[in-house]
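Below you'll find the structure, written out as structure tokens, and then a few comments.
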Amino acid sequence: MTDFLPFALPEIGEEEIAEVVDSLRSGWVTTGPKAKRFEEQFAEFLGDSSCQAISVNSATSGLHLALEALGIGPGDEVIVPTYTFTATAEVVRYLGATPVFVDVDSATFNMTADSFVAAITDKTKAVMPVHFAGLACEMDAIIKVAKEHGIRIVEDAAHALPTRYKGKLIGTLDSDFTVFSFYANKTMTTGEGGMVVTRDAELAKRCRIMRLHGISRDAFDRYTSTKPAWFYEIVAPGFKYNMPDIAAAIGIHQLKRLPAFQVRRSEMAAYYNKAFSGLPLLLPAFPASDCEHAWHLYPVRLEPEAGVARDVFIQKMADEGIGCSVHFIPLHLQPYWRDTYALTPEMFPNAHAAYEIEVSLPLYTKMTVADQERVICAVKKVLSCG
Ligand SMILES: *Cc1c(COP(=O)(O)O)cnc(C)c1O
């Protein structure tokens, strides 16, 4: 019996391991020189010298910091797609504001400028586009609408590293914030972690302060600056969202490997596309020629001719030793969001239809060609197309 192929696995190399060991031996395990280096390298990676990168302990923390820095609070509305992970919307609630859920495009599963416009009220303060699976939203149109209405933009780029939109990396577009995730199953990992990116120096400063208890200088500065080491000032009731050096140590090396990871993921997506053409599957939306997909996920949809319900398909794939997943159970179906905001499937026809037939197949760099062949064989068998 062959091993079970999990839905996702990180690719951690000897360099990451050695760097973590180095942190442990150095005695500096929390936020310090490596977190700073990781931030600098991340900003360099984006290739836009006006971008500041602020490391945090998760993308969720980062999204919270971004909205906080923008002054979002009670009475404000923030537009989010229903087709996302709960983190996108929950940070709106952390601040006492109201998430307003919108439907997505049926090909890309992304929020559109049209769905955004339709949800704008005089209370709308921000919009949070999610680049689903690693394919960019139609950002030109979304940015145009946001600017016309004075609405701030916080991109949830948890899937979008590295993603290019019309030649530009996500993180360098004309939005207020972009937040990346380094959770274990994302395109690169630090175990847990995230990066907040902004080109606004004041917003960056606020995030740096709020990420560590509202202290006006972070621990690293505190121990290296000329001021006495014991001195600090609290300027706000901040949070505990800093990234430890142990995590940054992993990130420094993952980031170096990210371009190669992206090439491999793209090859794997193309390999799947070829193998699945002609099967009763709707394949993931493909990027335009001036765009680049991060391929965090490989989402397919079962067409009616597949003759198998999504839940049965996933069970049968598991019986074949293949882990699959679903992205996402839309927020309008989650009890808290559904009941608090009286959400119904009829309000989100595209997202709802997508959810009912969506399956995410395993796609990660640790998979071998043989692993991918196993997935393809299992899909064909379950669809009785072998
Ligand atoms: C993973 C994810 C997040 C949260 O990332 P964390 O780093 O785990 O906080 C937010 N939004 C989306 C769309 C995600 O997939």
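Order of listing sets the numbers, starting from 1, for every ligand and every atom in it.
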Could you tell me whether some N/O pair between Val130 and ligand 1 is separated by less than 3.5 angstrom?
no

Should the proximity of Thr84 to ligand 1, defined as any heavy atom under 4.0 Å, be assigned to the side chain, the backbone, both, or neither?
side chain

If you measure from the Lys or Arg side-chain nitrogens to the Asp or Glu carboxylate oxygens, is any gap between Arg211 and Glu39 under 4.0 Å?
yes

Can you report which non-hydrogen protein atom sits closest to atom 8 (O) of ligand 1, along with the distance?
Tyr183 CB, 3.7 Å

As a quick check of understanding, evaluate salt bridge (Lys or Arg N to Asp or Glu O under 4.0 Å) for Glu68 and Arg206, giving each step before the final call.
CA-CA 9 Å; Glu68 198 280 337; Arg206 178 70 180 179; 2.7 Å; yes

Taking non-hydrogen atoms only, is Ala158 closer than 4.0 angstrom to ligand 1 via side chain, backbone, both or neither?
side chain

Side-chain contact, heavy-atom cut-off 4.5 Å: Leu283 with Val300?
yes

Residue, atom and distance of the protein heavy atom nearest atom 9 (O) of ligand 1 read Thr60 OG1, 2.5 Å

Given the options Tyr298, Tyr183, Phe85, Phe328, His159 meets ring pair (Phe, Tyr, Trp, His ring centres under 6.0 Å) only with Phe328

Considering only the protein, which heavy-atom contact is closest to atom 15 (O) of ligand 1, and what is its distance?
His159 NE2, 2.7 Å

Main-chain N/O of Gly13 paired to Glu16 side chain as donor or acceptor, under 3.5 Å:
yes

Provide the number and element of each atom of ligand 1 under 4.0 Å from a heavy atom of Ser181.
5 (O), 6 (P), 7 (O)

Strictly distance-based, threshold 3.5 Å: is any side-chain N or O of Gln254 a donor or acceptor partner for the main-chain N or O of Glu11?
yes

Quick one: does Trp337's side chain have a donor or acceptor within less than 3.5 Å of a partner on Asp339's backbone?
no

Among all protein heavy atoms in this structure, tell me which lies nearest to atom 11 (N) of ligand 1, with the distance rounded to 0.1 Å.
Asp156 OD2, 2.7 Å

Which ligand 1 atoms does Lys186 reach within 4.0 Å, using its non-hydrogen atoms?
1 (C), 2 (C), 3 (C), 5 (O), 14 (C), 15 (O)

Hey, which atoms in ligand 1 end up nearer than 4.0 Å to a heavy atom of Gly193?
7 (O)

